[in-house]
Every structure is written in C-alpha cells, then in structure tokens.
Amino acid sequence: MLEQQYKTRQDARREHDFRYDIKNSLNTRERRRGAVAEVYEWVESCVIAVGVILLIFAFAARTATVSGPSMLPTLRDGDRLLLVQAGYHDPQYGDVVVIDRSQKGEPPIIKRVIGRAGDEIDIDFETGQVRRNGQTLDEPYLNEPTLTRRDVEFPVTVPEGSVFVMGDNRNHSADSRTREIGMIDLRRVMGKAVYRFLPAGRAGEID
C-alpha cells in the first residue's frame, strides 16, 4: 500500500512538472513574441518619425550654413540655421533671408530685408544712416553704420516682385548696394532664417 501511495505521488509530481514545463514554455514564447512586437513597434515609430522629418525638410523647411562675415554680429561664419520655406512668399522688413544665386553659378547668400516693392531707399554715407521712404531706420542689429558706398546710385526704388537687402556688417557686405546683386527677385528667396541650432552654445531664434 505504501508503494502504491509512493507511485501515486510520483505520478502526480511528474504530471505537475509536465504541466509546469508546458506553461513555462508557453510563457517564454509569449515573452519572446512580446519582445519582438515591441522592437517592431519601435522600428516602425522610428521609420515614421524619419519620414515626417524628411517631408518637413522637403516641403516646409531646410537648413543653411552661414559663410563669411557679412551678417556679423547677428550671424557668424559656420552658423547652422533652420529656414522656413512653406508659405513664405512675402518677406517682411527685418527678415533674415537666404537668396538663391545658382542662376549665376554662385552659392546662396544670406541678408536682411530692408526694402519692399515700392519703397524708396536712400543712404547717407557720411552719417551712415539708411532711410526708407524718408524715414531714418532704427537698426540695432548693425555691426557699424553704413559708411561704405558701392556702385549703385541712391536713392533707389524697389520694383514690384523684388526686395532690397543688406548684410548687418554693412561695410563688409556685398548686397543690393552692388549692381552684381542688386534688387532680389522674390522667386530667388529660398526661405526665412528663423533659428540657429549650431553651435549649440549660441542656439536660439534669429532677430
């Protein structure tokens, strides 16, 4: 009788172990499936995020790198900027814009909008003052007064579909004061610079 009880207990234990092994195996498979699903969801999220970023940069925004000192002190050589493109068709006074010059085989330039269509721009190169429609401009962003004369005679009137631009580092900037650059066709404005993201220590909005 004791032998029979022992065999019964042994059989019960084997059945318990067998069921435990099955349950443990199923749980392991579930955990593996859960881990695979989690990795898949993470990869899918990354792919979607990259796709959204690419769409944004293709249609709404792009980046640009400042080259040269013409926008000091606002921007420095090597600064990396974020430009807004989508819906930007009407530059406003003071906007910092990037201008396409590929039609002349030249790299883009970055300048500030000073005059819009119909404006009369005049510069007193003795005092360094810039006037728009007879009003002297308040230009706190300047590196120094506008004392350097180029080959454009002033006053000038900005034609339709164009803007008049200058660099903030007025005496070291080639801009609408030169015939080579002149008035900027709005179709050549690539976008408005709104944010500097590099170098990180100087990151921030652009005024």
Side-chain angles (χ1 to χ4, degrees), residues 60-62 64-77 79-101 103-104 106-197 202-207:
R62 67 186 304 168
T65 302
V66 177
S67 178
S70 73
M71 282 298 291
L72 286 172
T74 306
L75 301 172
R76 300 178 186 175
D77 183 54
D79 283 357
R80 294 277 288 169
L81 312 177
L82 178 66
L83 311 183
V84 170
Q85 290 182 290
Y88 187 72
H89 306 298
D90 187 24
Q92 302 298 303
Y93 299 131
D95 285 359
V96 175
V97 298
V98 174
I99 299 157
D100 175 30
R101 301 194 73 225
Q103 79 280 10
K104 295 186 177 181
E106 299 287 341
I109 56 175
I110 183 165
K111 305 294 175 184
R112 190 180 295 272
V113 176
I114 303 299
R116 304 170 66 203
D119 288 336
E120 182 183 83
I121 305 297
D122 198 7
I123 302 175
D124 186 333
F125 293 102
E126 297 297 323
T127 64
Q129 293 180 326
V130 178
R131 290 188 288 271
R132 182 173 59 228
N133 302 323
Q135 300 294 317
T136 300
L137 301 184
D138 178 24
E139 300 186 281
Y141 43 75
L142 289 185
N143 193 44
E144 53 193 4
T146 311
L147 302 174
T148 301
R149 187 185 297 272
R150 303 297 185 185
D151 57 2
V152 169
E153 293 296 323
F154 289 89
V156 295
T157 299
V158 184
E160 288 295 323
S162 300
V163 288
F164 181 96
V165 300
M166 287 195 283
D168 291 354
N169 193 10
R170 291 289 164 79
N171 301 314
H172 303 277
S173 172
D175 45 45
S176 291
R177 291 171 292 168
T178 70
R179 293 175 184 170
E180 179 186 3
I181 294 176
M183 304 293 178
I184 304 299
D185 189 313
L186 290 176
R187 291 171 294 184
R188 297 296 177 185
V189 177
M190 299 169 65
K192 175 185 176 181
V194 294
Y195 192 84
R196 171 176 41 228
F197 60 90
R202 298 179 54 245
E205 294 182 1
I206 298 172
D207 296 325

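Basis for what follows: all heavy atoms, side chains included, without hydrogens, waters or symmetry-related copies. Keep in mind the model is a prediction, meaning the values are calculated, not measured.
- Side chain of Arg131 to main chain of Pro155: no donor-acceptor pair is present (N/O by atom type, distance under 3.5 Å, no hydrogens or angles).
- Interatomic distance, Thr157 OG1 to Ile121 CD1, rounded to the nearest 0.5 Å: 8.5 Å.
- Panel note: side chain Asp168, backbone Leu72; no donor-acceptor pair is recorded below 3.5 Å.
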Subject >> Candidate pair Val66 and Arg76, rule side-chain contact (heavy atoms from CB on, under 4.5 Å), full reasoning >> reply: CA-CA 7 Å; Val66 177; Arg76 300 178 186 175; over 6 Å; no
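- How far CG of Leu142 is from CG of Leu137: 9.0 Å, rounded to the nearest 0.5 Å.
- Distance alone, capped at 3.5 Å, places no donor-acceptor pair between the Asn169 side chain and the Asn143 backbone.
- Screening residues 143-154 for salt bridge (charged side-chain N to carboxylate O under 4.0 Å, His left out) gives no qualifying pairs among residues at least two apart or on separate chains.
- Ser173 is listed as a side-chain neighbour of Lys111, based on a closest heavy-atom distance under 4.5 Å.
- Using a 4.0 Å cut-off between charged nitrogen and carboxylate oxygen, Glu139 and Arg170 count as a salt-bridge pair.
- Legend: residues meeting side chain to side chain contact (heavy atoms under 4.5 Å, CB included) with Val98, ordered by chain and number and at least two apart, are Ala64, Leu83, Pro108, Ile110, Met190.
- Applying the side chain to side chain contact (heavy atoms under 4.5 Å, CB included) test between Leu81 and each of Thr65, Val194, Leu75 identifies Leu75 as the sole match.
- Note that CG of Asp77 is 9.5 Å distant from OG of Ser70, once rounded to the nearest 0.5 Å.
- Distance check, rounded to the nearest 0.5 Å: CD of Gln85 to NE2 of His89 gives 10.0 Å.
- Counting heavy atoms from C-beta on, the side chains of Gln103 and Asp185 never come closer than 4.5 Å.
- A donor-acceptor distance shorter than 3.5 angstrom exists from the side chain of Ser176 to the backbone of Gly182, with no hydrogens or angles considered.
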Original post:
Taking it one step at a time, do Thr148 and Phe125 satisfy side-chain contact (heavy atoms from CB on, under 4.5 Å)?
Top reply: CA-CA 7 Å; Thr148 301; Phe125 293 102; 5.8 Å; no
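- Looking at heavy atoms from C-beta onward, Pro91 lies in side-chain contact with Leu186 at the 4.5 angstrom threshold.
- Of the inter-residue distances, the one linking Ile181 atom CD1 with Asp175 atom CG reads 6.5 Å to the nearest 0.5 angstrom.
- Residue pairs meeting the salt bridge (charged side-chain N to carboxylate O under 4.0 Å, His left out) criterion with at least one partner in residues 79-95, sequence neighbours excluded, are Asp79-Arg196, Asp79-Arg202, Asp90-Arg116, Asp95-Lys192.
- Judged purely by atom type and a 3.5 angstrom limit, Asp119 has no side-chain atom pairing as donor or acceptor with the backbone of Arg132.
- Pro145 approaches Gly128 most closely through the heavy-atom pair CB-CA, 4.0 Å.
- Going from atom OG1 of Thr74 over to atom OH of Tyr141 covers 9.0 Å, rounded to the nearest 0.5 Å.
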